[in-house]
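A short write-up of the structure that comes next.
Hydrogens, waters and symmetry mates play no part in the numbers below; they use all other heavy atoms, side chains included. Every value quoted in this text rests on a predicted model; they were computed, and no experiment measured them. Here is the naming used below: chain letters follow the sequence lines, and residue numbers restart at 1 for every chain.
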Number of protein chains: 2
Amino acid sequence: MRELGYVYNMGAARLRAERSHTIGVVVPNLTNPFFAELLSGMEASVDAAGLVMIIANTGDGPPRQAIVLQRLREHGVDGIILCPAAGTTDEIASQIEGWKLPLVQVLRHVTDELDYAGADYVAGMEEAVEYLVSLGHRAISFAAHGPVHSAYQERVQGFLGAMKRFGLRPEPVIRFPDRVDQIAQEADALFVKDRAPTAVICFNDLVAHGLAAGFYDRGLKIGRDISLIGFDDVADAEAMRPRLTSVSTAPNEIGQKAAALLLDRIAQPALPPRRWINPTRLHIRDSCRPLSSS
Amino acid sequence: MRELGYVYNMGAARLRAERSHTIGVVVPNLTNPFFAELLSGMEASVDAAGLVMIIANTGDGPPRQAIVLQRLREHGVDGIILCPAAGTTDEIASQIEGWKLPLVQVLRHVTDELDYAGADYVAGMEEAVEYLVSLGHRAISFAAHGPVHSAYQERVQGFLGAMKRFGLRPEPVIRFPDRVDQIAQEADALFVKDRAPTAVICFNDLVAHGLAAGFYDRGLKIGRDISLIGFDDVADAEAMRPRLTSVSTAPNEIGQKAAALLLDRIAQPALPPRRWINPTRLHIRDSCRPLSSS
DNA sequence: TAACGCCGTTAGATCGATCTAAAATCCAGT
DNA sequence: ACTGGATTTTAGATCGATCTAACGGCGTTA
């Protein structure tokens, strides 16, 4: 075989065995370092099982998502890991059902009828609020950005729920642009009207990074003048000064777990839908300080 | 066709037509935001041509790279975009030649016999040195990390060459760990012995980010006490304070171009090897200041 | 009228791994 | 040596799109 330079023809095997040793991974965005971590985790699990990943980008739009899913179907993938584009409706569940294609949702979910792997956004946000309250903060704002989807809503819900439980006035959620430099420019939005938050919880580390820059530009010192909490705990959190306290969602682990769920489902298509919620952990660093009594 | 739920079977088409509408992308690392940008650019070009990408991770190790390439070959990819793992020898050229598999190197190159798309690392580093010299700096250090490969050596070469041309003593290249928090801890390495650099050029923005944190911890103010230049100009550069001056390598564009080169080669396998060197641009922000005359 | 060219249609071979069923081989046990 | 059962080997069908060659219809020309 070696002499003749034989290589196994997976294409022929796929045709006959109706198994392609290929899975599709559909994400809304490649550049976000969070998704990069996620992919990396998936790659580890998928590779270990001897399969390869086809990746596709939806740009967070349902029309492109439909095209991409069709394309993957034509390529005969054995299964799909999907982070549903914002605006995906739950009718996708019946569609997938009809296709008889193993699929797991990751990070976001639109239906209970399909597997799902994600993080406990609600608990993560609650923990962030609890921590700030324990430091004496009462005026806490929430800084969000990006499209609205289940992971977005769960974060907001976790924040508002915890605020309510502590009897604090739930501030409206303040929305910021997507680019980090624009977030910095618009940091003032936190202080308009009668709002004077002493702490800010961010939708993710990217927003935190932008706000940190904006605070710096305005002479506000993080810790002394305002406390800041990020979400996701990606590599940058450790490199910021002061170091960013952030809620860790372990995207790498979620990726691994999503891949594991998909492999299980491929092996046993009749399994009831499962969901795996990764616990979050508040990684306390230096961006929050006790509120000095005034 | 719609009524019967027909889907085109790419597997069968591939078998007969010996064309899979699939390309392989082999990178040493998924998590690096630089590679994420690169992938995103490729995806745009590849998708527009109606093909899909299989991605694979070598962990920057030649043994795994060999396995991964074999796997892609079995899957019958129409071509491969490869960022060669550190330590890849040029004998890979003859191997690829024998496989009759279109392949382009990206970011790093190990042979002239295959296409290559990358950035002009040499010119980028020269420009960085020139800029610092124009500000009056003479004691300039180079902070590196990671495995050694062509892109590494070209950066060092650009730095040392420019230093020599200006008649400046070429400082030894100082190596740092890979993790950003460890870089911060070891920032002192820049100042050991008789070295007292007034400016530091970094291998990439990640090192710059780590050093910026390390300087902060030591009470050194970037701009006033020391000037800092990054390399790659990824999103973070804009979010750092002071904003990081960085040499832009436009990974997204390189990704697009690499994909375009591959598509060309698939269409015309007999084409002579081509190389496309993306020009770099020094993105001046606020991390460098003129050296005050002492 | 036969021969020829042009075009659209159709039947059947093809790609290579896999699966099945039939055929060939093996191994006791009498 | 022969038989029954088990095991291995082999031949051929199969997956579905694609490619080729043969075929049929039609118009033109000798």
- prompt: Quick one: which of dT18(C), dC19(D), dA17(D) gets closest to the side chain of Ala13(B)?
  reply: dA17(D)

- request: Step by step, work out the side chain to side chain contact (heavy atoms under 4.5 Å, CB included) result for His149(B) and Leu107(B).
  value: CA-CA 10 Å; His149(B) 42 69; Leu107(B) 297 180; over 6 Å; no

- prompt: Taking atom P of dG16(D) as reference, at what distance in whole Å does atom OH of Tyr6(B) sit?
  reply: 10 Å

Restricting both atoms to N or O, compile the protein contacts to nucleotides 8-15 of chain C shorter than 3.5 Å, with distance only.
| unit_1 | atom_1 | unit_2 | atom_2 | d |
| --- | --- | --- | --- | --- |
| dT14(C) | O2 | Arg16(B) | NE | 2.5 |

- request: Flag yes if more than 12 heavy atoms outside Glu97(A) fall under 6.0 Å of its CD atom; otherwise flag no.
  value: no

- request: Assign the ring pair His209(B) / His209(A) to parallel, tilted or perpendicular, where the plane angle (0 to 90°) is split at 30° and 60°.
  value: parallel

query: Looking only at heavy atoms, which two atoms of Leu101(B) and Val77(B) are closest? And how far apart?
result: CD1-O, 3.5 Å

- prompt: To the nearest angstrom, how far is Arg14(B) atom CZ from dC19(D) atom C1'?
  reply: 19 Å

query: Do any N or O atoms from the side chain of Gln105(B) and from the backbone of Val110(B) form a donor-acceptor pair under 3.5 angstrom?
result: yes

